[in-house]
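Working notes, structure below.
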Amino acid sequence: MKFYNTFTRRKEVFKPIKKNEVKLYSCGPTVYNFAHIGNFRSFIFVDILKRYLKFKKYKVKHVMNITDVDDKIIKKCSENNFSLEEYTDKYKKAFFDDLKTLNIQKADIFPKATAHISDMVILIQKLLDKGIAYKTDDGSIFFNINKFPDYGKLQKLDKDQMKKGERVETDEYGKDSAYDFALWKGYKPKDGDSYWDTEIGKGRPGWHIECSAMSAKYLGETFDIHTGGVDLIFPHHENEIAQSEAANGKKFVNYWMHCEYLGLKDSKMSKSLGNTVYIKDLIKKNYSARAIRFVLLSVHYRQKLNFSFEQLDSAEKTLKKFDDFKYELDNVENSNVENEKIIDLSNKMLQNFENSMDDDLNISAALGVVFTFLKQINKFKSTNKLSNLDRENIINSLKKIDNILGVIFLKSEKDNYVDEDKILKKIEERNEARKNKDWDKADKIRDELLKSGIELVDRNDGTTYKIK
RNA sequence: GGCGACGUACCCAAGUGGCUAAGGGGGAGGUCUGCAAAAUCUUUACGCGCCGGUUCGAAUCCGGCCGUCGCCUCCA
């Protein structure tokens, strides 16, 4: 199994520190607003990665941070006289709701930044003691990048090329060098009640320190995989490396995996540009959660994905293919004969799927394998009869696949509201009409049911129905 | 200026030296059907941004050009 490691810029054979066990850290949401589909693309990437690691029989310990304190949140709170928690609560809740909607498996631990201030303080103190960090007049503490020779190794920055930005002049916190970054921000009256009184002063943590502190706490000072969006490579992850490695004197992370952007009309979608699409809006527009999930997972994670409604429509139809396939599979005979051919096709499908995913999670190729399998089975069915054992075999294989995709057997909420007796009665009534060649009546019943979301299917051996 | 990604059919998208260039959506045609719908089957790129080069052989390697996008500032 190979993964593309941002650090080396190439695919590498994956070897965890501890055999059969993977320690995984993912940069999670900043809860100052609702997370949009771009955010969820990267969370779905992690979900696929994690599910695949489990598929490969690894035990996975997954940590995803919740950033519930940052400049924007503090500003909002101070303006409106909220406490941090009052403000961030609803976004946290919305985030977890959306995770559930999109069938994203939860991390084992979701540490909140505000609950780990003391861990951060200890880490910052360590950096102060080592002379790598320095304090400024306003009580802020900065990381001196010149004390960390490897600075820039993730982004491949040449320190001599790093020009002083114009922002330096207007920066609120006086620091020595433009690229020095804040570990701790000294308290300012406009911060209101959002501060911590600690051994290193009154204030609040910088953005990067939480990930260094919390990952070490839950996964150790060196761990296997760290994920995030490509935009986090610099400065966030670069700075995490600097902090952690300078403090601990150990390699921080073995494999860095970054998810490409989801774009909107050829431009990046971000909260600051205001061109955002949220999960709940798509659901309101009657798109199914599984279609959203499918769109987000169906393009390789290192490939830019341009989101569009056409893709969602296309995804709905693609997923219907799975439903129809499963539906047609009900039509088997109880012969208890197992077809060698089916076993063979199933095994090959699983093997090819795995081969594709082993290559840096090549999901497009893997999906191709699954669709080819459906076609093969359909073709087989056109000349042979499937037995109930064949059916079981096929379903089980698809279930193994769906442990990763999480989309084939995902039920729609609508399934629960069906009054089967009523439908069967209508079908009987219609078939009576058909027998009498009363097509008008038969069609009327069909139309009525269709309006309530029930689609009738006339087959040689009788009429059945599907839920639309 | 520094770092980086990408350009394959109408749309999305695999493929990174060698069987007839996966797969999904769409289109076209057939089967089935009272008719529909659905389903299913078949079909849909002599060519992979453009121009050169290397090679017996390139979408795939090398060089140049054109185009799109991203990071370098909060951002998944």
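Here the structure is a predicted model, which means the values were calculated and not measured. Throughout, a chain's letter reflects where its sequence line sits, starting with A, and its residues are numbered from 1. These numbers come from the heavy atoms of this one structure, side chains and all, not from hydrogens, waters or symmetry mates.
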Kindly say whether, by distance alone, the side chain of [X] makes a donor-acceptor pair under 3.5 Å with the base of [N]?
X: Arg302(A); N: rC6(B); result: no
X: Asp458(A); N: rA36(B); result: yes
X: Asp443(A); N: rG34(B); result: yes
X: Arg446(A); N: rA36(B); result: yes

Heavy atoms of other groups near Lys422(A) NZ, more than 12 under 6.0 Å: no
Just checking Lys75(A): does its NZ atom have more than 12 heavy atoms from other residues, nucleotides or ligands closer to it than 6.0 angstrom? no
By a 5.5 angstrom centroid cut-off and a 30 degree plane limit, is there stacking between Tyr261(A) and rG70(B)? no
Measure up the [X] and [Y] rings against each other and bin them: parallel (under 30°), tilted (30 to 60°), perpendicular (over 60°).
X: His258(A); Y: Trp256(A); answer: parallel
X: Phe373(A); Y: Phe325(A); answer: tilted
X: Phe143(A); Y: Phe181(A); answer: parallel

Nearest to the side chain of [X] - [options]?
X: Gln155(A); options: rG24(B), rG34(B), rC71(B); answer: rC71(B)
X: Cys27(A); options: rA76(B), rC35(B), rA37(B); answer: rA76(B)
X: Asn378(A); options: rU40(B), rA39(B), rC72(B); answer: rU40(B)
X: His36(A); options: rG2(B), rA76(B), rG4(B); answer: rA76(B)
X: Thr318(A); options: rG24(B), rC74(B), rC71(B); answer: rG24(B)
X: Lys317(A); options: rG34(B), rG26(B), rG23(B); answer: rG26(B)
X: Ser364(A); options: rA13(B), rG15(B), rA76(B); answer: rA13(B)

Indicate yes or no for a side-chain donor-acceptor contact from Ser212(A) to the backbone of Ile209(A) under 3.5 Å, with no hydrogens or angles considered. no
Are the side chain of Asn352(A) and the backbone of Val369(A) linked by a donor-acceptor contact shorter than 3.5 Å? no
Work out how far the [atom1] atom of [N] is from that of [M], and round it to whole angstrom.
N: rU8(B); M: rG67(B); atom1: C1'; value: 16 Å
N: rA58(B); M: rC46(B); atom1: C1'; value: 15 Å
N: rG57(B); M: rA21(B); atom1: C1'; value: 16 Å
N: rG53(B); M: rA13(B); atom1: C1'; value: 30 Å

Could I get the full list of side chain to side chain contact (heavy atoms under 4.5 Å, CB included) partners for Tyr87(A), not counting sequence neighbours? Tyr32(A), Ile73(A), Lys76(A), Cys77(A), Phe82(A), Tyr91(A)
Asp89(A): which residues meet the side chain to side chain contact (heavy atoms under 4.5 Å, CB included) condition with it, sequence neighbours left out? Glu85(A), Lys92(A)
Does [X] make a side-chain N or O approach to OP1 or OP2 of [N] shorter than 4.0 Å?
X: Lys320(A); N: rA39(B); result: yes
X: Lys466(A); N: rA37(B); result: no
X: Asn306(A); N: rC12(B); result: no
X: Gln303(A); N: rA14(B); result: yes

Need to verify one output field. Residue with the more 5' nearest nucleotide on RNA chain B, Tyr4(A) or Lys375(A)? Tyr4(A)
Specify the residue among Ala442(A) and Glu455(A) whose closest nucleotide of RNA chain B lies further upstream toward the 5′ end. Ala442(A)
Listing for RNA chain B: consecutive Watson-Crick or G-U pair runs of at least 3, distance cutoff 3.5 Å, ranges ordered by first number, gives B:1-7 with B:66-72, B:10-12 with B:23-25, B:26-31 with B:39-44, B:49-53 with B:61-65
Looking at every strand, decide which applies to [X] at a 4.0 Å heavy-atom threshold: base, sugar-phosphate, or nothing.
X: Lys379(A); value: sugar-phosphate
X: Glu310(A); value: nothing
X: Arg10(A); value: nothing
X: Lys304(A); value: base
X: Asn362(A); value: sugar-phosphate
X: His258(A); value: nothing

What's the CZ-P distance between Phe325(A) and rU40(B), to the nearest Å? 9 Å
